[in-house]
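Everything quoted here is computed from the prediction, not taken from an experiment. In this chain, numbering begins with 1 at the start of the sequence shown. The figures here come from the full heavy-atom set of this structure, side chains too, leaving out hydrogens, waters and symmetry mates.
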Amino acid sequence: MTPAQRLTDRKRAAILQAATAEFRDNGFDATSMDKIAARAEVSKRTVYNHFASKEALFTEILLQLWHSSQERMACDYRADQPVAAQLRALLQSKMALLADGNFMDLARVAIAETIHAPERAREMVARMDEREENIVGWIRAAQTDGKLKAVDPVFAANQLHALVKAFAFWPQITLGQPPLSDAMQRQVVDSAVTMFLAQYAVPESQAMHGF
């Protein structure tokens, strides 16, 4: 990497860091490219050289958060591992994302935009929803392996997400409640796994005989 490329990367990182802080502190509408440039100590032209719009910059920040959580979250179904253990690991990773202060602050900004400017915010929220499609694929693979019942995987995934978000997302986003304690996180995850598998797991005797 040349010195010019390293400088460009440093400026991009500074812009993302400054934008994250601005969006978190001031919300979407009150944040401007001028403020981001000033906070990043770069020119406004430099900001636009990296990001075409404020919306594109916000979306990139969300994507980086998802990518960082993806590194902690292995979503590939494993036929050689117990379904309950895999599902628990998936939900624990999801819980770690919901405990990320930056993610929650920016999620709050994105959701607020759906009220004030629903058309503009549609892509932001769609990006948030995309992050949850990984569990849909896991459920579909578990069904193919005969471990989960043949139900619409999107419907089942939405139920699973709701079991977690009812405690670890919506109260914090809408009511300002504090993040869950470690003990409460474990309780929510264990309960969600138990409830989900009670409804959708194929009984072991049937799974062994292929019916």
Side-chain angles (χ1 to χ4, degrees), residues 1-78 89-138 161 164-165 168-169 172-173 178-180 182 185:
M1 183 180 293
T2 67
Q5 288 174 318
R6 287 196 293 269
L7 178 60
T8 297
D9 287 345
R10 286 199 299 270
K11 287 184 176 181
R12 181 182 176 87
I15 291 167
L16 287 167
Q17 183 176 3
T20 299
E22 284 292 327
F23 286 128
R24 185 182 59 234
D25 294 346
N26 303 311
F28 188 87
D29 282 336
T31 295
S32 68
M33 297 296 253
D34 286 313
K35 290 180 178 179
I36 292 170
R39 193 160 188 162
E41 298 182 346
V42 299
S43 69
K44 185 176 178 180
R45 180 183 294 275
T46 298
V47 176
Y48 276 108
N49 284 342
H50 287 277
F51 302 98
S53 66
K54 185 170 67 169
E55 290 81 2
L57 181 47
F58 188 85
T59 298
E60 178 63 22
I61 292 169
L62 289 179
L63 284 173
Q64 286 204 355
L65 287 169
W66 294 321
H67 289 159
S68 66
S69 68
Q70 180 68 37
E71 294 174 358
R72 302 190 300 262
M73 186 173 184
C75 293
D76 293 335
Y77 176 78
R78 295 285 303 273
L90 286 171
L91 293 187
Q92 287 170 342
S93 295
K94 181 180 179 65
M95 193 68 80
L97 178 64
L98 297 180
D100 185 311
N102 276 335
F103 176 81
M104 292 297 283
D105 287 341
L106 294 173
R108 192 175 292 107
V109 171
I111 290 170
E113 280 302 292
T114 66
I115 299 173
H116 301 297
E119 291 297 324
R120 186 173 63 193
R122 185 169 297 164
E123 182 179 358
M124 298 178 190
V125 177
R127 292 287 189 175
M128 295 173 67
D129 290 340
E130 283 176 14
R131 179 63 186 81
E132 300 189 338
E133 291 180 1
N134 292 322
I135 291 183
V136 174
W138 183 89
H161 291 307
V164 173
K165 286 186 171 182
F169 184 77
Q172 291 74 20
I173 290 291
L180 299 184
D182 290 345
Q185 287 183 30

What distance separates Asp29 CG from Phe23 CZ, expressed to the nearest 0.5 Å?
10.0 Å

Should the ring pair Phe28 and Phe58 be called parallel, tilted or perpendicular, given that the plane angle runs from 0 to 90° and is split at 30 and 60?
perpendicular

Separation between CD1 of Ile36 and OH of Tyr48, rounded to the nearest 0.5 Å:
8.5 Å

Go through the steps for Leu16 and Leu57 under the test side-chain contact (heavy atoms from CB on, under 4.5 Å), then give the verdict.
CA-CA 8 Å; Leu16 287 167; Leu57 181 47; 3.7 Å; yes

Are Asp105 and Arg108 ion-paired here, with the side-chain N under 4.0 Å from a carboxylate O?
yes

So CG of Leu98 and CD of Gln172: to nearest 0.5 Å the spacing works out to 8.0 Å

d(Gln92 CD, Leu97 CG) to nearest 0.5 Å is 14.0 Å

Applying ring pair (Phe, Tyr, Trp, His ring centres under 6.0 Å), can you list everything that pairs with Phe51, at least two apart in sequence or on another chain?
none

Carboxylate-amine/guanidinium proximity below 4.0 Å for Glu60 and Arg12:
yes

Contacts of Asp34 that satisfy salt bridge (charged side-chain N to carboxylate O under 4.0 Å, His left out) - sequence neighbours left out
Lys44

Lys11 side, atom NZ; Asp9 side, atom CG - distance, nearest 0.5 Å
11.5 Å

Looking only at heavy atoms, what is the nearest atom pair of Ala14 and Ala40, with distance?
O-CB, 3.6 Å

Is Arg39 paired with Asp25 through a side-chain N to carboxylate O contact shorter than 4.0 Å?
yes

For the residue pair Gln185 and Ala99, what are the closest heavy atoms and their distance?
NE2-CB, 4.1 Å

Shortest non-hydrogen contact between Ala168 and Met95, atoms and distance:
CB-SD, 3.4 Å

Nearest-0.5 Å distance, OG1 of residue Thr46 to CD of residue Glu41:
12.5 Å

Is the backbone of His161 close enough, under 3.5 Å, to the side chain of Lys94 for a donor and an acceptor to pair up by distance?
no

